[in-house]
Each structure stands twice: as C-alpha cells, then as structure tokens.
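Numbered from 1 within each chain, the chains take letters A, B, ... in sequence-line order. Just so it is clear, the values below take in all heavy atoms, side chains as well, and ignore hydrogens, waters and symmetry mates.
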2 protein chains.
Amino acid sequence: MPIKADLDAIDWKILRELQDDGRMTNVELSRRVGISAPPCLRRVKRLEDEGIIQRYRALLNAPALGMDVVAFCLVGLNRQSEVDLKAFADRTRGWPIVRSAWMVSGESDFMLHCLAPDLGTFQTFVIEELTSSPNVDTVRTALTIRQVKDDGLVSI
Amino acid sequence: MPIKADLDAIDWKILRELQDDGRMTNVELSRRVGISAPPCLRRVKRLEDEGIIQRYRALLNAPALGMDVVAFCLVGLNRQSEVDLKAFADRTRGWPIVRSAWMVSGESDFMLHCLAPDLGTFQTFVIEELTSSPNVDTVRTALTIRQVKDDGLVSI
DNA sequence: GTGAATGCGCAAGATTCTTGCGCGAGTCCC
DNA sequence: GGGACTCGCGCAAGAATCTTGCGCATTCAC
C-alpha cells in the first residue's frame, strides 16, 4: 500500500477528468489540464504505477442488458472469527449475482451489492443460497428503486 | 431507456474486456475478441451509442489519496411522498462525502455510499448533516473493514 | 554562484484511430 | 432455384495519437 501521495493541482485535474471519462485520449486530457501531451502521459503513467489509478472500467447499463434488479443485502453471521469471515468472503466470490461485497462493522458483517435479471431470480438466490448458507444468521435486503447519485469514489 | 439489446458472443466479449480494462486500445481489444480492428471499433461505438456502455471511469485508490473511511448509511425518512423523496435525493447530491446513493425499498428509504478522510469527519457528517437533516428519521451506518469482491456491474 | 534535480515542451518515429470501399455469407421474395 | 438485398467482415490509406529521447528553464541546496 503506497504512502499518501503528494499530488499537485494538475494531478488532481487528471484524476477528476479520468474519473469522468476514463477513455479520453491523452491529447484531449493534456488540453484540459493545461500542459502538453508528453508530460501529461508521464503523469498518468506515474499515477498508474503508484497505484493511485487502480484500473479503468466500462460502466454498463444493467437494465438494457436484461438485469432489472439491483439490491443490497446486509448479512449477519453467527460466528465472526477470522476463519468464519474469510469463509463467507470466499463464498461471495462464487456467487455471480453478488457483484461487489464488503466486510463491515456494525449490526451486520457483510454488505453485498447484488444484480439479478428479475425479482424471482434474486429471491431464489436469497432464500436458497444466501439464507441457507452455513453460519448465516440474518439477511436484510434493500431493493433499489433508482440510483440518485453516482460520482467516482474519490472527489475532486 | 433502450429495448433489451441483442448481442452476440463477440459483443459480450467486448463488454467483458472493457469492464476489465476500459482503456485498452482498440487494436488489443480486437485481437482479444478475434476480429479485426475496424469492425471491433464499430461494435464499441454502437454499444456506446445505444447506451449499453454508459461511460468509462478510472477507479482510484482511496486510501492512497487520504480517504481512509468507506461506509454505508441506511437512511429512513419520516414521510415518503414523492416530494420528500426527491428533496432528500437532491440533498445527497450536495454532500461530497456521499459518493453514490440509491433510493431503496425495505426497512430504509435511501442507501448512501460514503467516503471520508477519517472517522471524525465521517461522524461529524452523520451527526451534524445527515441525522439533523429535515425529515430524516433513522440512520444506520456500516463502516467497511475491507472490500472482498469488486466485479463490474454486469457479469460476463 | 554552481551543481543536481525536477519537470516542461519540441520533435520524430511507431502505433493506433478512423473512414471508405469491396467482398462474401445469409435471407427473403419472387 | 435465382436474383436482389442486407449485413458485417477485412483491407487500405490518411489522420490522429502515442511514445521516446533530448534540450532547456526553474528550483533548491550547498
């Protein structure tokens, strides 16, 4: 894990622009941040090499691809030993419906971000896979109605 | 909102590759999906034009940028009329700590994905901004310990 | 003042993007 | 069947971009 980065204003502009459009050409990016293309490319490469930019991803339109149900699941376990936590984390990676997952502290132990083609598929997953999984105590679900904000993870 | 797309195997390969590396060159992409560059570029453009690919985004390393606290907040409102829901949704857009937000159904009305530089900043936000916001009834927070899965939103 | 370090911009070759065009496979209607 | 049409691929060439090396200006420390 890298040390806290020291970034100047241009670096922050680059990060903001690439969060907004990760496929922007380097020429366009350099124009927007106010330097010429070669040093701009070197800055981007440095940000990638230092792990500040972790990756680039295309964001897809789930409903257009037949995925109409987005939901969150808060999962509580009976036992929270390191072995138990790791076992459940491993299990989440084997479930395609679970698109991302976090280990959390609070009333629950895991937060799952889920995606399914329809409500039936999601309910079947919750009942037959999630709730009936070993060591799972409680499952609370929140079906999303619509997303009201979607900014990048790190602001400005 | 577009009609359900009809995509062939090559389109799905393209979507998978661009979810994995959204900044891949078209030449490399075409090599991976097994067609030449021009038709590959035309397919990507079509996927973008139809809104199936919504955007490209650089994913940043939050801790390296001094953002050590990632949390989820489940917010329940006193009144859930359309006006009330819209008012709270608008409010979330004005909070930089809230990076993304969903309107949900279930025990709560909104799910907030939050990012803060430290625990104190996050707690101040919850107490002085979120809990004390008009019409907010309940706030349950789940601090993330670590992310255990992070796939793209739509699989394969 | 001087030397080292940093980071910019210029320039040129390599690579990629982008467009128009021709060709072959599949389909539909006669 | 046969002909016209549609669709999507690949080739090719010019435009744009990427990538690298290099020279120069600024800054900092000594």
Side-chain angles (χ1 to χ4, degrees), chain A residues 1-61 63-67 152 154-156, chain B residues 1-66 152 154-156:
Chain A
M1 199 59 58
I3 305 297
K4 295 280 194 297
D6 63 325
L7 307 176
D8 63 13
I10 295 178
D11 289 322
W12 282 106
K13 276 189 191 175
I14 289 174
L15 294 178
R16 186 161 54 81
E17 293 293 341
L18 288 180
Q19 276 200 104
D20 190 55
D21 178 8
R23 215 174 160 76
M24 187 184 300
T25 68
N26 183 61
V27 169
E28 172 66 13
L29 179 61
S30 67
R31 197 189 59 74
R32 293 195 182 202
V33 305
I35 58 178
S36 65
C40 185
L41 184 65
R42 282 188 284 258
R43 280 170 180 265
V44 172
K45 283 269 187 292
R46 182 204 142 204
L47 293 168
E48 292 170 0
D49 291 343
E50 293 186 352
I52 292 169
I53 296 175
Q54 293 185 311
R55 62 189 304 184
Y56 301 92
R57 177 174 283 174
L59 304 187
L60 308 185
N61 183 338
L65 292 168
M67 292 293 181
V154 178
S155 62
I156 297 187
Chain B
M1 201 58 57
I3 305 297
K4 295 280 194 295
D6 63 325
L7 307 176
D8 62 13
I10 294 178
D11 290 321
W12 282 106
K13 276 189 190 174
I14 288 174
L15 294 179
R16 186 160 53 81
E17 293 293 341
L18 289 180
Q19 275 200 104
D20 190 55
D21 177 8
R23 214 173 160 76
M24 187 185 300
T25 68
N26 183 61
V27 169
E28 172 66 13
L29 179 62
S30 67
R31 197 188 59 74
R32 293 195 182 203
V33 304
I35 58 177
S36 65
C40 185
L41 184 65
R42 283 188 284 258
R43 279 170 181 264
V44 172
K45 284 268 186 291
R46 180 204 143 204
L47 292 168
E48 292 170 359
D49 291 343
E50 293 186 351
I52 292 169
I53 295 176
Q54 293 186 311
R55 62 189 304 184
Y56 300 92
R57 177 173 283 172
L59 304 187
L60 308 184
N61 182 338
L65 292 168
V154 178
S155 61
I156 297 186

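Residues that satisfy the salt bridge (Lys or Arg N to Asp or Glu O under 4.0 Å) test with A/D21, not counting sequence neighbours, are absent from this structure. For B/R31, the side chain to side chain contact (heavy atoms under 4.5 Å, CB included) partners are B/E28, not counting sequence neighbours. Residues that satisfy the salt bridge (Lys or Arg N to Asp or Glu O under 4.0 Å) test with B/R23, not counting sequence neighbours, are absent from this structure. Residues passing the side chain to side chain contact (heavy atoms under 4.5 Å, CB included) test with B/R43, sequence neighbours excluded: B/D8, B/I10, B/D11, B/I14, B/I35. Not a single salt bridge (Lys or Arg N to Asp or Glu O under 4.0 Å) links A/E48 to another residue, sequence neighbours left out. With sequence neighbours excluded, the residues that form a side chain to side chain contact (heavy atoms under 4.5 Å, CB included) with B/R55 are A/D20, A/L59, B/R57. Applying the salt bridge (Lys or Arg N to Asp or Glu O under 4.0 Å) criterion to B/R42, with sequence neighbours excluded, gives no partner residue.
Evaluation of atom-type donor-acceptor distances gives a pair under 3.5 Å for the side chain of B/R42 against the base of D/dG10.
Applying a 4.0 Å cut-off to non-hydrogen atoms, the residues of residues 26-39 of chain B that approach DNA chain D are B/I35, B/S36, B/P38, B/P39, listed by residue number.
Using a 4.0 Å heavy-atom criterion, one finds that A/R43 contacts the sugar-phosphate atoms exclusively.
No side-chain heavy atom of A/R16 sits less than 4.5 Å from a side-chain heavy atom of A/Q19. Residues A/L60 and B/L47 have side chains not in contact (no heavy-atom distance under 4.5 Å, counting atoms from C-beta outward).
Comparing the end axes of the helix from C/dG1-D/dC30 to C/dC30-D/dG1, each fitted to five base pairs by superposing C1' atoms of four pairs onto the next four, gives an inter-axis angle of 30° (nearest 10 degrees).
Each of B/M24 and A/I10 was assigned the nucleotide of DNA chain C with the nearest heavy atom; the assignment lying further toward the 5' end belongs to A/I10. Remark on DNA chain D: of its neighbouring residues B/D8 and B/R23, the 5'-side contact belongs to B/D8, judged by nearest-heavy-atom nucleotide.
If you walk DNA chain C from 5' to 3' and mark each nucleotide with an atom closer than 4.0 Å to a heavy atom of chain B, the marks span C/dT16 to C/dG20.
The pair B/E50-B/R46 meets the salt-bridge criterion, since a charged nitrogen lies less than 4.0 angstrom from a carboxylate oxygen.
Between the C1' atom of D/dC18 and the CD atom of A/E48 lies a distance of 13 Å, rounded to the nearest Å.
B/G22 approaches B/Y56 most closely through the heavy-atom pair O-CD2, 3.6 Å.
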